[in-house]
Colleague: 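Here it is, the structure in full.
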There are 2 protein chains.
Amino acid sequence: MSKKQLLLKAAEAKVRTGGYNNFSFRELADEIGIKSSSVHYHFPTKADLGAELARQYTDNFLTNLGAPEALIAEGKKPIEVYLQQFQCALTEDKKMCLCGLLGAETDALPEKVKAQTQRFFEQNINWLTQAYQQVDGISEQAANGQAIATLSLLEGAMLVSKAMNDTAIFATASAGLLIKR
Amino acid sequence: MSKKQLLLKAAEAKVRTGGYNNFSFRELADEIGIKSSSVHYHFPTKADLGAELARQYTDNFLTNLGAPEALIAEGKKPIEVYLQQFQCALTEDKKMCLCGLLGAETDALPEKVKAQTQRFFEQNINWLTQAYQQVDGISEQAANGQAIATLSLLEGAMLVSKAMNDTAIFATASAGLLIKR
DNA sequence: ACCTATGTATCTACTGATAGATAATGTGAA
DNA sequence: TTCACATTATCTATCAGTAGATACATAGGT
């Protein structure tokens, strides 16, 4: 794994714990054994690092999911798979969603980072809209509403679980998604 | 309004915009026209200020709501009132819920602040549990599940609305709460 | 020679925090 | 009433630590 990827990995852990202001170039450098000035070689500014972090997080998140059609073709329920991806992020990493945290503090972020964070939500709403259209056979508009509600519920469930320091809360909050209809 | 309250008011705006690390004693002091050292007179440490901020926010939030029984007695629907309190926080202040943001970054907070943040969620879940018990006549356990789901949905709806910079998203995400049952 | 990746050294700005002075106000006793 | 002291709220000045960023040098591979 390249130093650049190691830097992003270290940054992800810090941002998902305490937000964009919760990491510094010095901390990241120390953690992977280089100097802070060398971090500037890979990422000219902190905003560049933050934007790349959100970009990769979004891409990995969607790649791991796969397309809704593909999941259906495999006999899987897309919303169930989607829910589990959120649950894993919470229970395995014991951390908030990166873009959930960044989204909450969006008005304090550099423009680049804000744009990449917004992209995460756009792509996730698109994914869920497609999933609901295909599973429930509803209109795009209705599916879009469902998508926004589902995304909101899951981001909120992570947030409340973290705040209460109780992962069982996520399961309780999201239980309704599975028995619906 | 006392200088102490003015400091808390200025801090609230900053924290609700960018989290606990998004304010400094100097900024607050400049904003209300005193010196940073004077802020330490009112709040010995930053953690003390943060804890008091979360404490007052929680108390004001619940006071403004009123007890669920009292709302029912006035012919109001508690869940509707609760939803509107969240919506106002988002549309009037154009900011995230203070404790929503603090809850998301809970693992990076001083112990004092974390404890007060957790208290916000406990109290809100209690309030909603009582509301659901009284409105729907369901068991405490079932009502508690509903409470957690509702709180999660609303915190998430605020978060996604902020991230997408579109307050209409909050309405879309929370629409399901009103037509339920 | 060039490119990639790192290091040394340093800059300015800001952080939370502290010590100690000052002024205004309040309070209790002679 | 007046003097002595205490309390409240602010100030000036300063500290050590950390922030992001830069200029420039260096080492190793092509």
Side-chain angles (χ1 to χ4, degrees), chain A residues 1-56 101-102 105 107-117, chain B residues 1-56 101-102 105 107-117:
Chain A
M1 199 180 233
S2 71
K3 290 279 167 71
K4 187 168 183 170
Q5 283 304 313
L6 287 172
L7 285 170
L8 288 169
K9 189 180 159 194
E12 180 183 321
K14 298 208 179 276
V15 175
R16 286 179 65 187
T17 300
Y20 183 73
N21 291 319
N22 198 44
F23 77 95
S24 73
F25 276 34
R26 275 177 179 72
E27 285 175 323
L28 298 189
D30 285 353
E31 221 161 287
I32 72 159
I34 60 174
K35 296 294 170 181
S36 75
S37 58
S38 302
V39 180
H40 284 279
Y41 170 77
H42 298 287
F43 305 99
T45 67
K46 187 174 179 177
D48 291 318
L49 196 161
E52 176 66 9
L53 183 59
R55 202 191 59 74
Q56 287 199 12
L101 229 168
L102 291 178
E105 54 188 22
D107 290 340
L109 296 179
E111 215 52 53
K112 282 180 182 182
V113 185
K114 195 186 302 194
Q116 287 302 322
T117 303
Chain B
M1 201 181 231
S2 70
K3 290 280 169 71
K4 188 167 183 172
Q5 283 303 313
L6 287 171
L7 286 170
L8 288 169
K9 189 180 158 194
E12 180 183 320
K14 298 208 178 278
V15 175
R16 286 180 63 186
T17 300
Y20 182 74
N21 291 319
N22 197 44
F23 78 94
S24 73
F25 275 35
R26 272 177 181 71
E27 284 176 322
L28 298 188
D30 285 351
E31 220 161 288
I32 72 160
I34 60 175
K35 296 294 170 181
S36 75
S37 58
S38 302
V39 181
H40 284 280
Y41 170 76
H42 298 287
F43 304 101
T45 69
K46 187 173 180 177
D48 290 318
L49 197 161
E52 176 65 9
L53 183 59
R55 201 191 59 74
Q56 287 199 13
L101 229 169
L102 291 177
E105 55 188 21
D107 290 341
L109 296 179
E111 215 52 54
K112 282 180 182 182
V113 185
K114 194 186 303 194
Q116 288 301 323
T117 303

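We name chains A, B, ... by the order of the sequence lines, and we start the count at 1 in each one. Computed from a prediction, not measured in an experiment: that's the story for all the values here.
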Colleague: Please report the C-alpha distance between E52(B) and R55(B) in whole Å, then the side-chain angles of each, then the deciding distance to 0.1 Å, and finally whether the salt bridge (Lys or Arg N to Asp or Glu O under 4.0 Å) criterion is met.
Modeller: CA-CA 5 Å; E52(B) 176 65 9; R55(B) 201 191 59 74; 3.1 Å; yes

Colleague: Does some side-chain heavy atom of L102(A) sit less than 4.5 Å from a side-chain heavy atom of L53(A)?
Modeller: no

Colleague: Can you check whether V15(A) reaches N22(A) side chain to side chain, under 4.5 Å on heavy atoms?
Modeller: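 Answer no - side chains too far apart.
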
Colleague: Applying side-chain contact (heavy atoms from CB on, under 4.5 Å), run through K9(B) and M1(B) and close with a yes or a no.
Modeller: CA-CA 10 Å; K9(B) 189 180 158 194; M1(B) 201 181 231; 4.3 Å; yes

Colleague: Could you tell me the separation between the CZ atom of R26(B) and the P atom of dG16(C), rounded to a whole number of Å?
Modeller: 8 Å

Colleague: On DNA chain D, which is the earliest and which the latest nucleotide, 5' to 3', with an atom closer than 4.0 Å to a heavy atom of chain B?
Modeller: dT8(D) to dT14(D)

Colleague: Please tabulate the protein-to-nucleotide N/O contacts below 3.5 Å involving nucleotides 6-9 of chain C, giving atom names and distances.
Modeller:
from, atom 1, to, atom 2, distance (Å)
dT6(C), OP1, K3(A), NZ, 3.1
dT6(C), OP2, H42(A), NE2, 2.6
dG7(C), OP2, K35(A), N, 2.6
dG7(C), OP2, S38(A), OG, 3.1
dT8(C), O4, S37(A), OG, 2.8

Colleague: Which word best sums up how the rings of F23(B) and Y20(B) line up, parallel for under 30°, tilted for 30 to 60°, or perpendicular for over 60°?
Modeller: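 Geometry flag for Y20(B) against F23(B): perpendicular rings.
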
Colleague: If the helix axis at each end comes from five base pairs, how far does the helix from dA1(C)-dT30(D) to dA30(C)-dT1(D) deviate from straight, to 10°?
Modeller: 10°

Colleague: With sequence neighbours left out, write down each residue that passes salt bridge (Lys or Arg N to Asp or Glu O under 4.0 Å) with K3(A), or none if nothing qualifies.
Modeller: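 If we apply the salt bridge (Lys or Arg N to Asp or Glu O under 4.0 Å) test to K3(A), skipping adjacent residues, there are no hits.
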
Colleague: Without decimals, in angstroms, what is the distance between K46(B) NZ and dT15(C) P?
Modeller: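 One finds 8 Å between P of dT15(C) and NZ of K46(B), rounded.
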
Colleague: Holding to side-chain hydrogen bond (donor to acceptor under 3.5 Å, both in side chains), I want the full list of residues that pass it with K112(A), two or more places apart in sequence or in another chain.
Modeller: D48(A)

Colleague: Could you tell me how far apart N22(B) (CG) and dC14(C) (C1') are, to the nearest whole angstrom?
Modeller: 14 Å

Colleague: Considering every strand and a 4.0 Å limit on heavy-atom distances, what is the contact class for F23(A): base, sugar-phosphate, or nothing?
Modeller: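 Sugar-phosphate, no base atom in range.
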
Colleague: Tell me, do E105(B) and E105(A) make a side-chain contact under 4.5 Å, heavy atoms counted?
Modeller: yes

Colleague: Which side-chain N or O atoms in residues 29-41 of chain A pair as donor and acceptor under 3.5 Å with protein atoms at least two apart or in another chain?
Modeller:
from, atom 1, to, atom 2, distance (Å)
E31(A), OE1, K14(A), NZ, 3.3
H40(A), ND1, P44(A), O, 2.9

Colleague: Measuring from atom CD of Q5(B) to atom CG of L7(B), what distance do you get when rounded to the nearest 0.5 angstrom?
Modeller: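 So the CD of Q5(B) and the CG of L7(B) are separated by 9.0 Å.
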
